[in-house]
Amino acid sequence: MRHFYLIAAVFAATTLFAQLPNTKVYLFDYSKRDSTFTFDNPRYLSAFNNTGYNNQPQFVDRNTLIMAVQLPDMPQPDIFSFDLRNQTRTRVTRTISGEFSPKPIGATERFSAVRQEFVNQDTILRLWEFPLDRSDNGRPVFKYLTGIGYYEWLNQRQVALFLLGQPNQLALASPDSDQPIGIARDVGRSFSRLPNGNLLFVQKAPSGPWYIMQKNLYRMSDQPTVFAETLPQKEDFVILSDGSLLMGQGSKIFHYDRIRNPRWREIVDLRFYNIKNITRLAIDGNGQIAVVSE
């Protein structure tokens, strides 16, 4: 089993992270009243690295955001922390390995990230955890499990994992065990938990539409069901507090409300800010949204 994940991790290094795109991160305040959204107070968060890699933003709290950054003089991305109130930034990791996809671990003072480790001639993707205050050098979340491309903490003791392979697999695992439980194959890189506790993930197809699927984590024997069709060939979404979804396409953000209006509806066009190709989104639950654009 460990041999499979080693092969998957080597494959991942040549596909996911070999050529990092020039990405920009913008921050907006947003509000929602009934079906109307308002976006204002724009901030260009990655202006300090205008031609570099700035990606996978995540809010720690209302005033703190973390993301992966690669400056021109850096061989690999490190994790930076941004103090949004004081408009300052701190380089949290400084390693020869690359760190990607930072996420806070519950209400703790620690965060996790996918580390691209170089072992002899191999490249291994492993999930690590670190202190936000840089008081130690971090440690692997799992003892042996590698080949982790993306992930989402469900609680402090359970994590959903995107495991690279042929095909890719969505699985559940606990840091107490290196034995993941498979949920689905041929999945997208975005997955998150609904307010009711169910897990949403993207099911891809080689031809035809992609779907956002819903998995009941309390009844593991139940098969996933269709929640919504994605925007064409898009896999990144975020879940609002009312269970509705946001996705980006081009310069626009769309909203999907399964109960009140079960279709994708354009709510804002951000082309005025030179935003042309939205990929990822991140929200903080307090009216802030981070927008990643290539």
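Keep in mind the model is a prediction, meaning the values are calculated, not measured.
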Carboxylate-amine/guanidinium proximity below 4.0 Å for Arg260 and Asp34
no
For Tyr44 and Asn50, which I'm curious about, is there any donor-acceptor pair between the side chains at under 3.5 Å?
yes
Arg189: which residues meet the salt bridge (Lys or Arg N to Asp or Glu O under 4.0 Å) condition with it, sequence neighbours left out?
Asp236
Count I, L, V, M, F, W, Y as connected when their side-chain heavy atoms are under 4.5 Å apart, and connections chain through other members. Are Phe142 and Leu125 then in the same cluster?
yes
Please report the shortest heavy-atom distance between Tyr256 and Pro262, naming the atom on each side.
CE1-C, 3.4 Å
Exactly one of Phe100, Tyr151, Tyr150 should register a ring-ring contact (aromatic ring centres under 6.0 Å, His included) with Phe162. Which one does?
Tyr150
Any residue meeting side-chain contact (heavy atoms from CB on, under 4.5 Å) with Phe118, in chain and number order, not counting sequence neighbours
Gln76, Gln116, Thr123
How close do Ser293 and Tyr26 get, counting heavy atoms only, and between which atoms?
CB-CE1, 4.4 Å
Would you check if the side chain of Asn54 reaches a backbone N or O of Thr23 as a donor-acceptor pair within less than 3.5 Å?
yes
Donor-acceptor pairs under 3.5 Å, side chain of residues 270-281 to any protein atom, not counting sequence neighbours: which ones?
from   : atom 1 : to     : atom 2 : distance (Å)
Thr279 : OG1    : Val292 : O      : 3.4
Arg280 : NH1    : Asn55  : OD1    : 3.3

Looking only at atom types and distance, does a side-chain atom of Arg62 sit under 3.5 Å from a main-chain N or O of Asn286, one as donor and one as acceptor?
yes
Verify the cluster assignment for Leu194 and Ile212: are they in a single hydrophobic cluster under the rule of side-chain heavy atoms below 4.5 Å apart?
yes
side-chain contact (heavy atoms from CB on, under 4.5 Å) filter on Ser31, not counting sequence neighbours, yields Thr38
Connected via hydrophobic side-chain network under 4.5 Å: Ile267 and Val238:
yes
Could you tell me whether a side-chain N or O of Thr95 sits under 3.5 Å from a main-chain N or O of Ser97, the two making a donor and an acceptor?
yes
Which residue pairs pass the salt bridge (charged side-chain N to carboxylate O under 4.0 Å, His left out) test when at least one of the two sits in residues 148-158, sequence neighbours left out?
Lys103-Glu152, Arg157-Asp176
Gln70 side chain reached by Leu20 side chain, heavy atoms, under 4.5 Å
yes
Side chains of Thr108 and Gln156 in contact at under 4.5 Å (non-hydrogen atoms):
yes
Evaluate side-chain contact (heavy atoms from CB on, under 4.5 Å) for Leu172 paired with Gln158, printing each intermediate quantity in order.
CA-CA 7 Å; Leu172 300 181; Gln158 190 178 41; 3.9 Å; yes
Which atom pair, heavy atoms only, marks the closest approach of Gly149 to Val114?
O-CG2, 3.8 Å
Sub-4.5 Å side-chain heavy-atom contact between Asp29 and Phe39
no
Verify side chain to side chain donor-acceptor pair (under 3.5 Å) between Ser135 and Asp133, making sure each step is shown before the conclusion.
CA-CA 5 Å; Ser135 58; Asp133 63 6; 2.8 Å; yes
Taking atom CD of Glu294 as the centre, report whether more than 12 heavy atoms of other residues, nucleotides or ligands fall under 6.0 Å from it.
yes
So if you build clusters from Ile, Leu, Val, Met, Phe, Trp, Tyr with side-chain heavy-atom gaps below 4.5 Å, do Ile105 and Val60 land together?
no
Using the rule given for side chain to side chain donor-acceptor pair (under 3.5 Å), can you reason through Ser190 versus Glu235, listing the C-alpha separation, both sets of side-chain angles and the distance that settles it, and then say yes or no?
CA-CA 6 Å; Ser190 181; Glu235 60 181 311; over 6 Å; no
Using side-chain heavy atoms (C-beta onward) and a distance below 4.5 Å, is Thr90 in contact with Arg134?
yes
ring-ring contact (aromatic ring centres under 6.0 Å, His included) between Phe201 and Phe191: does it pass, once the steps are laid out?
CA-CA 4 Å; Phe201 64 92; Phe191 37 94; 8.2 Å; no
Okay, side chain of Asn63, backbone of Asp83: is any donor-acceptor separation there less than 3.5 Å?
no
Compute whether any side-chain donor of one residue and acceptor of the other, for Gln56 and Tyr53, lie under 3.5 angstrom apart.
yes
Does Met74 reach the side chain of Arg94, with side-chain heavy atoms less than 4.5 Å apart?
no
Quick one, Ile148 with Trp128, criterion side-chain contact (heavy atoms from CB on, under 4.5 Å). Give me CA distance, side-chain angles, the key distance, then yes/no.
CA-CA 10 Å; Ile148 299 170; Trp128 279 63; over 6 Å; no
Residues forming a salt bridge (Lys or Arg N to Asp or Glu O under 4.0 Å) with Arg126, sequence neighbours excluded
Glu117
Distance-only donor-acceptor check, side chains Trp153 and Ser112, under 3.5 Å:
yes
With the threshold set at 4.0 Å, does a side-chain nitrogen-carboxylate oxygen contact exist between Asp78 and Arg91?
yes
Is it true that Asp242 and Ser244 share a donor-acceptor pair across their side chains at a distance under 3.5 Å?
yes
Starting from the C-alpha separation in whole Å, work towards a yes-or-no answer on side chain to side chain donor-acceptor pair (under 3.5 Å) for Asp269 and Ser251.
CA-CA 6 Å; Asp269 189 338; Ser251 61; 2.6 Å; yes
Output yes when a side-chain donor or acceptor of Glu99 lies under 3.5 Å from a complementary backbone atom of Thr93, and no otherwise.
no
Taking the side chain from Trp264 and the backbone from His255, do they hold a donor-acceptor pair closer than 3.5 Å?
no
Search all heavy atoms of Ala184 against all heavy atoms of Val187 and return the closest pair with its distance.
CB-CG1, 3.8 Å
Would Phe130 and Ile79 count as a side-chain contact (heavy atoms from CB on, under 4.5 Å) here? Give the steps.
CA-CA 10 Å; Phe130 306 89; Ile79 305 305; 5.9 Å; no
Please check: side-chain N/O of Arg265 versus main-chain N/O of Ser35, any donor-acceptor pairing under 3.5 Å?
yes
Stepwise side-chain contact (heavy atoms from CB on, under 4.5 Å) check, Glu266 with Gln249:
CA-CA 10 Å; Glu266 179 187 333; Gln249 183 179 53; over 6 Å; no
Using only heavy-atom distances, determine whether the side chains of Asn49 and Ser46 contain a donor-acceptor pair under 3.5 Å.
no
When you group the ILVMFWY residues by side-chain heavy-atom contacts below 4.5 Å and let the links chain together, are Leu217 and Leu170 in the same group?
yes
Look at the aromatic rings of Phe82 and Phe48 and report parallel, tilted or perpendicular, splitting at 30° and 60°.
tilted
Side chains of Asn216 and Asp222: is there a donor and an acceptor less than 3.5 Å apart?
no
Side chains of Met213 and Phe227: closer than 4.5 Å at any heavy-atom pair?
no
